[in-house]
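Inspection log for the structure reproduced underneath, given as structure tokens.
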Amino acid sequence: MTINEITELRRNGDIEKAYEESVRMLSANHDDHDARVMTALCVKSLMERAAKSGDADSLVKFLGELASLHLEETGDAAINNKAAWDVRAVIYGWKDEAFDMDKVRALFDAVSQISFEKPHRYYSVLLDAFLKVRDAQGNPWADMPEMVTWWGLENLLPEDFERVRLTNGQMMPSLAERAYTACYKCLLAGIEAGEMRDEAESFIGDLEVLEETHPEFQYIQYQKTRILQALGHQDAALAAARAAVRRRRHDFWSWSLLGDIAENDADKIACYCRALTCRTDPGFLVKVRRKLAVMMYRAGFYANARREFEKIINIYDAKGWELPADVAGVAAQQWYEMTEPAMSNRGFYMTHAAKAEAFLSGDMPETAVLVTKFNPQKQTCSYATADRKRGFFSTKRMNERFADNQVYMVRFDGEPGGDKASNVLSCRRVMDVAQYDGIFFRQVEAELNLRPGMAFLFVDDIYVDGTLLRGHQGGDRVVITAVLYYNIKKESWGWRAIRLREAGV
């Protein structure tokens, strides 16, 4: 039988006969290109029939035959790519609650033997198909990380990173987002089970690449943080959590994540409080409230804890959700009944949230500054740094007490100095300033060369204002304390006396 006759059989729907004849022809001559392609087309037709009827076992068998033809050797791998639609048809044909994991595994084992053209939109269809698989609890297929590793995230097309608008107007996460999220969930579960640590370490690298190429994916840092935490890399997890907050400062989940990673209870409370100052649907905040309420109770803030649990209960009632057993159990405890709830926890949030900002910047270097002028009316501080940069910052929402000629350790968001207000992340006063002698302060002993009526004088290179000279006269031996000073008129740095006392006193 000729190729044309076999083609006619196939077109007329006699697929089995066409398949038998093409296999016979190929067996007679394995180098017959036309026979190989015809056999592949017949196998593809049989695959379509199996997929349409939901016959996964037959599809697995035919996928194996397609792989054995090695179409990539003859430049016909495009036929292989079409197999993705048959795999998709079978998987999408199953009901969500009835996925047969053994058959899913068999499909993957078979399809992974085929050489596909990639990247290719049909190859992306294959990834989409396996992402559809869920277990009885709605979790992604446990072998998804293996599948994705074989598939290769580097084969994602530009359109695979775009979200899709559904017919109801809602936006569906992109294929890339779904793939990374499925791997994240599976790896996290694997680590908890004592498995997949190497795979998780490798996946962190994939997330870092994604972060560089697609920073618009807001949950990259979240997933990276959780995996690092699960692997026991506490310092790296904390750094990732801080990076997440800096990128998503106004999102409650980033602050909640930072609180989860924090090891100190006070820092946890601060971060949870900061999360609750973010504007979002109250339903999204119940998990944060539950964590904060428990910590309030443990720390002895019973009235605040009672108030927080009441909010949680009210939200569940308003949403029509079933109240979690642990929350219901708290409401039945004696302390709860005996405690008068706080009128509001807003003040509690604001008081503790300020500490969250300091904790957020804990990995950033501190810069020593001399406050040269504190303006309480404008709530600003002018400052100088050890390397003689000048600037100012706002003291609003800061709990620190400020005064002229005092040294503070400041964490700046960006470089200090400049004409615009510096953004301060944290600030604390330095009580022992001895180490800044010669940097911010100088002390010299000298004899005053003072004549009547003098409005000022210089002792060495220290400027002494006339107000400090009152009560002194020429020839007095004094100890002068001076601070770093910038002369605006001369645009130069120098020293300015802030205190005079008699020598030996």
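Hydrogens, waters and symmetry mates are skipped; everything else that's a heavy atom, side chains included, is used. Source: prediction; values computed, not measured.
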Determine whether more than 12 heavy atoms belonging to other residues, nucleotides or ligands lie under 6.0 Å from atom CG of D326.
yes
Using the rule given for side-chain contact (heavy atoms from CB on, under 4.5 Å), can you reason through D128 versus R88, listing the C-alpha separation, both sets of side-chain angles and the distance that settles it, and then say yes or no?
CA-CA 8 Å; D128 175 77; R88 183 182 188 276; 3.7 Å; yes
Other residues, nucleotides and ligands only: do more than 12 of their heavy atoms fall within 6.0 Å of CE on M343?
no
Output yes when E177 and R163 qualify as a salt bridge under the 4.0 Å nitrogen-oxygen rule, no when they do not.
yes
So is K132 actually on top of Y92's ring, under 6.0 Å and inside 45° of the axis?
yes
Electrostatic pair R49:D55 at N-O distance under 4.0 angstrom
no
Is the shortest side-chain N to carboxylate O distance from K389 to E415 below 4.0 Å?
yes
Check the orientation of W85 and Y122. Use parallel for under 30°, tilted for 30 to 60°, and perpendicular for over 60°.
perpendicular
Kindly assign one of parallel, tilted or perpendicular to the pair W141 and F130, based on the angle between their ring planes and the thresholds 30° and 60°.
parallel
Whether F348 and H352 hold their rings parallel, tilted or perpendicular, with breakpoints at 30° and 60°:
parallel
Distance to the ring centre below 6.0 angstrom and angle to the axis at most 45 degrees; does that hold for R248 and Y222?
no
Aromatic centroids of Y302 and Y297 separated by under 6.0 Å:
yes
Taking the six-membered ring of Y349 as reference, does the cationic atom of R274 (NZ for Lys, CZ for Arg) lie under 6.0 Å from its centre and within 45° of its axis?
no
So that I can tick it off, tell me whether E310 and R306 are bridged by a salt bridge, with the cut-off set at under 4.0 angstrom between side-chain N and carboxylate O.
yes
In this structure, are over 12 heavy atoms from other groups packed under 6.0 Å from K185 atom NZ?
no
Kindly say whether the aromatic ring centers of F116 and H120 come within a distance under 6.0 Å.
no
Is atom CD of E154 surrounded by more than 12 heavy atoms (other residues, nucleotides or ligands) closer than 6.0 Å?
yes
Could you go through the side-chain contact (heavy atoms from CB on, under 4.5 Å) check for Y19 and L46 one step at a time?
CA-CA 9 Å; Y19 169 68; L46 293 170; 3.8 Å; yes
Is it true that a side-chain atom of K291 and a backbone atom of Y272 form a donor plus acceptor pair closer than 3.5 Å?
no
Evaluate the criterion side-chain contact (heavy atoms from CB on, under 4.5 Å) for residue pair R226 and Q229; output intermediate values, then yes/no.
CA-CA 5 Å; R226 289 300 190 193; Q229 183 186 31; 3.1 Å; yes
D387, CG: over 12 other non-hydrogen atoms inside 6.0 angstrom:
yes
